[in-house]
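These notes are about the structure you will find just below.
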Amino acid sequence: MNFIHTPYQNGVALREDLFHRQFEIRVTGMTEYPEDDPIYGTYYLEETLTVCEFSTISGAVEKLVLLYETDSWPIRDEGEDYYDSDLGHDCGPRSFSPRFAQVYDRQNRRVLCGDFSRGLVWFKPLTTPQDIATLQAKQCSLREEAAFESGWDNYSTARDLRAQATRLEMYLTDKRYACLPEVQNLATRRYTPESGHLWRDPGIVYCSSIRRVSKQLMSA
């Protein structure tokens with residue numbers, strides 16, 4: 001049995017199979033399914049897929065970019081038959097539209113988060129206690145406002161407010177990774193299908209304080 005030293009923990013060697021799946025990426029998005037009666041078209045469900053595993057954070061991100069570029073999300077199990085004999089057609093998932101990506105380590109600690117609203121843009125993790133506390137206070141305010149709007153049956157407004165609070169959550173990662181040079185470097189990169197590669201764009205994802213986070217949120 002082979003053991004490999006991991007660069008993410010000093011003095012730690014992992015079994016080879018564990019080493020090669022130290023990190024996984026989970027992507028949340030909308031999966032398209034056909035209606036029972038095809039005349040009614042399709043419907044969408046929000047789902048979270050575990051799309052890839054890798055030995056390094058950068059390697060996992062590269063695999064994610066490839067999936068995004070080729071639109072080859074693992075939405076169908078190879079061994080499953082999606083044909084419904086009663087309905088007379090395939091009832092399995094047809095497509096997947098990604099919204100958020102989150103990188104986790106094997107202890108389920110969040111490493112890095114990305115957003116697909118304008119290509120694939122990574123959130124630069126907050127590192128100071130002051131910025132983190134300010135962000136969490138903003139989240140609480142948004143959720144309280146959402147609860148108030150729900151009480152007045154303003155469900156669409158409440159949903160948007162909760163989505164804003166969820167988006168802010170993406171700036172919070174495990175502290176052991178927030179200041180890691182590899183993570184900080186990845187957080188300055190953006191990918192679009194048109195560009196064909198990751199490129200640095202610090203102005204989009206960098207935030208030295210929660211004020212800039214809030215400004216980005218309002219302009220989104």
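Counting begins at 1 with the first residue of the sequence. Just so it is clear, the values below take in all heavy atoms, side chains as well, and ignore hydrogens, waters and symmetry mates.
Contacts of Glu35 classified as side-chain contact (heavy atoms from CB on, under 4.5 Å), with partners at least two apart in sequence or in another chain: Tyr40, Tyr43. Partners of Phe54 under the ring-ring contact (aromatic ring centres under 6.0 Å, His included) rule, at least two apart in sequence or in another chain, do not exist in this structure.
Partner of Ser58 under the side-chain contact (heavy atoms from CB on, under 4.5 Å) criterion, out of Leu186, Asn185, Val183: Leu186 alone.
Proximity of a side-chain donor or acceptor of Tyr82 to a complementary backbone N or O of Asp77 within less than 3.5 Å is detected. No donor-acceptor pair closer than 3.5 Å links the side chain of Gln102 to the backbone N or O of Arg110. Judged by distance alone, with hydrogens and angles left aside, the side-chain atoms of Arg189 form no donor-acceptor pair with the main-chain N or O of Trp122 at under 3.5 Å. Between the side chain of Lys63 and the backbone N or O of Glu53 there is at least one donor-acceptor pair closer than 3.5 Å. Side-chain atoms of Gln22 come within 3.5 Å of backbone atoms of Ser55 as a donor-acceptor pair (strictly under, hydrogens ignored). Using a distance-only test at 3.5 Å, with no hydrogens or angles considered, no donor-acceptor pair links the side chain of Arg176 to the main chain of Gln9. Asp84 places a side-chain N or O within 3.5 Å of a backbone atom of Asp86 that can act as its donor or acceptor partner. Proximity of a side-chain donor or acceptor of Tyr8 to a complementary backbone N or O of Ile57 within less than 3.5 Å is detected.
Leu66 and Leu120 end up in different hydrophobic clusters when Ile, Leu, Val, Met, Phe, Trp and Tyr side chains are linked at under 4.5 Å. Leu14 and Leu180 fall into different hydrophobic clusters, where Ile, Leu, Val, Met, Phe, Trp and Tyr residues are linked whenever their side-chain heavy atoms come under 4.5 Å apart, directly or through other members. Residues Tyr104 and Val111 are members of separate hydrophobic clusters, defined by side-chain heavy-atom contacts under 4.5 angstrom among Ile, Leu, Val, Met, Phe, Trp and Tyr. At a threshold of 4.5 Å between side-chain heavy atoms, the hydrophobic network of Ile, Leu, Val, Met, Phe, Trp and Tyr places Phe23 and Tyr68 in one connected group.
Between Glu16 and Met1, every side-chain heavy-atom pair lies at or beyond the 4.5 Å cut-off. Looking only at side-chain heavy atoms (C-beta outward), Arg159 and Ser150 stay at 4.5 Å or farther from each other. Side-chain contact between Arg99 and Phe116 is absent, with no heavy-atom pair separated by less than 4.5 Å. Counting only heavy atoms from C-beta outward, the side chains of Tyr191 and Leu64 never approach each other to under 4.5 Å. Using a 4.5 Å heavy-atom threshold, the side chains of Lys138 and Gln164 count as separate.
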Donor-acceptor contacts under 3.5 Å from residues 139-146 side chains, at least two apart:
{"residue": "Gln139", "atom": "NE2", "partner": "Ala165", "partner atom": "O", "Å": "3.0"}
{"residue": "Gln139", "atom": "NE2", "partner": "Glu169", "partner atom": "OE1", "Å": "2.7"}

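Taking SG from Cys91 and CG from Asp81, the interatomic distance works out to 10.0 Å, rounded to the nearest 0.5 Å. Note: Glu182 CD to Tyr177 OH = 10.0 Å, rounded to the nearest 0.5 Å. Between the CG atom of Asp90 and the OH atom of Tyr83 there is a distance of 9.5 Å, given to the nearest 0.5 Å. Atom CD of Glu62 is separated from atom OG1 of Thr56 by 7.0 Å, given to the nearest 0.5 angstrom. For the atom pair Leu135 CG and Thr128 OG1, the distance stands at 10.5 Å (nearest 0.5 Å). Put simply, CZ on Arg15 and CD1 on Ile4 are 11.5 Å apart, with the number rounded to the nearest 0.5 Å.
Phe19 and Pro7 get closest at one heavy-atom pair: CE1-CD, 4.2 Å. Nearest heavy atoms, Asp36 versus His89: O-NE2, 2.9 Å. When all heavy atoms of Gln107 and Asp105 are compared, the closest pair comes out as N-OD1, 2.9 Å. The minimum heavy-atom distance between Ile25 and Ala101, with the atom names listed, is CG2-CB, 4.3 Å. Closest approach of Pro93 and Ile75 over heavy atoms only: CG-O, 3.1 Å. Considering every non-hydrogen atom in both Phe96 and Glu47, the closest pair reads CE1-O, 4.0 Å.
Residues Asp131 and Tyr171 have side chains that never bring a donor and an acceptor to within less than 3.5 angstrom of each other. With 3.5 Å as the limit, one finds no donor-acceptor pair spanning the side chains of Glu149 and Thr157.
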Carefully, step by step, assess Glu32 and Tyr44 under the rule side-chain contact (heavy atoms from CB on, under 4.5 Å).
CA-CA 5 Å; Glu32 180 187 20; Tyr44 292 84; 3.4 Å; yes
Walk me through it: do Tyr33 and Leu45 pass the test side-chain contact (heavy atoms from CB on, under 4.5 Å)?
CA-CA 8 Å; Tyr33 291 90; Leu45 293 177; 4.0 Å; yes
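Surrounding CG of Asp17 are more than 12 heavy atoms belonging to other residues, nucleotides or ligands, all under 6.0 Å away.
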